[in-house]
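Below: one structure, written as structure tokens.
Worth knowing before you read on, the calculation uses all heavy atoms, side chains too, and leaves out hydrogens, waters and symmetry mates.
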Amino acid sequence: MYFTLLITVILTAVVLVLGAYVIAKLIGPRSYNKVKGEPFECGIPTHGSSWIPVSIGYYLFAILFLIFDIETVFLYPWAVVVNEYGVMAIASIGFFLLVLVFGLAYAWRKGALEWM
């Protein structure tokens, strides 16, 4: 039963993707010119190479933002069941938040939150 469902889901996904691709190719606009192939950034033509090295700090900052953003999502299920589990729920979320605070303090101390 589950195998049939898996095959159905996969086939449906393939048909929908291929269908969208074919429809886009059939009815989509076809204007190909030199300007369309150029890199575009905020309406200003680029000067020089577009491939410049970016500081690793920006990536680290983005990863930290995602980590703390995703961890806040874990607080919602806890809030739903906190009355059901009582003191154990409070203790577990306290430990969870303690780990978050230590992680933030570590990142802050290492300078991961500095832009320059």
Side-chain angles (χ1 to χ4, degrees):
M1 177 178 157
Y2 289 116
F3 182 72
T4 307
L5 181 63
L6 177 68
I7 297 299
T8 305
V9 168
I10 291 173
L11 286 176
T12 303
V14 168
V15 167
L16 287 175
V17 168
L18 288 177
Y21 181 75
V22 168
I23 290 172
K25 282 294 185 184
L26 290 176
I27 65 174
R30 292 181 184 94
S31 65
Y32 301 107
N33 55 35
K34 183 180 175 188
V35 176
K36 191 168 186 161
E38 290 182 6
F40 179 78
E41 185 175 334
C42 302
I44 302 170
T46 58
H47 297 288
S49 175
S50 297
W51 295 99
I52 58 172
V54 179
S55 172
I56 192 70
Y58 296 118
Y59 296 110
L60 185 59
F61 195 85
I63 288 171
L64 285 172
F65 173 77
L66 286 175
I67 288 171
F68 284 105
D69 194 41
I70 290 170
E71 286 175 345
T72 57
V73 172
F74 290 130
L75 293 175
Y76 179 76
W78 169 80
V80 171
V81 298
V82 69
N83 286 336
E84 188 176 324
Y85 290 103
V87 176
M88 191 60 185
I90 300 290
S92 66
I93 202 62
F95 180 73
F96 180 73
L97 291 175
L98 187 68
V99 170
L100 283 180
V101 168
F102 281 143
L104 179 61
Y106 177 77
W108 198 339
R109 185 172 180 119
K110 286 292 187 177
L113 302 177
E114 300 292 328
W115 282 103
M116 295 288 177

- request: Count the heavy atoms belonging to other residues, nucleotides or ligands that lie under 6.0 Å from CZ of F65, then report whether that count exceeds 12.
  value: no
message: Counting only heavy atoms not in F74 (residues, nucleotides, ligands), do more than 12 fall under 6.0 Å from its CZ?
response: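 Atom CZ in F74 is not crowded, with 12 or fewer foreign heavy atoms closer than 6.0 Å.
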Are [X] and [Y] grouped together when hydrophobic residues (ILVMFWY) are joined by side-chain heavy atoms under 4.5 angstrom apart?
X	Y	value
F96	I70	yes
W78	V99	no
I67	I93	no
L5	L16	no

How long is the span from the [atom1] atom in [X] to the [atom2] atom in [Y], to the nearest 0.5 Å?
X	Y	atom1	atom2	value
L6	L11	CG	CG	9.5 Å
L64	W108	CG	CH2	13.0 Å
F61	L66	CZ	CG	11.0 Å
Y21	L26	OH	CG	10.5 Å

message: Using every non-hydrogen atom in the two residues, find where R30 and K25 come nearest and quote the distance to one decimal.
response: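 Nearest heavy atoms, R30 then K25: NH2-O, 2.5 Å.
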query: Who are the side-chain contact (heavy atoms from CB on, under 4.5 Å) partners of Y85, not counting sequence neighbours?
result: V81, A89
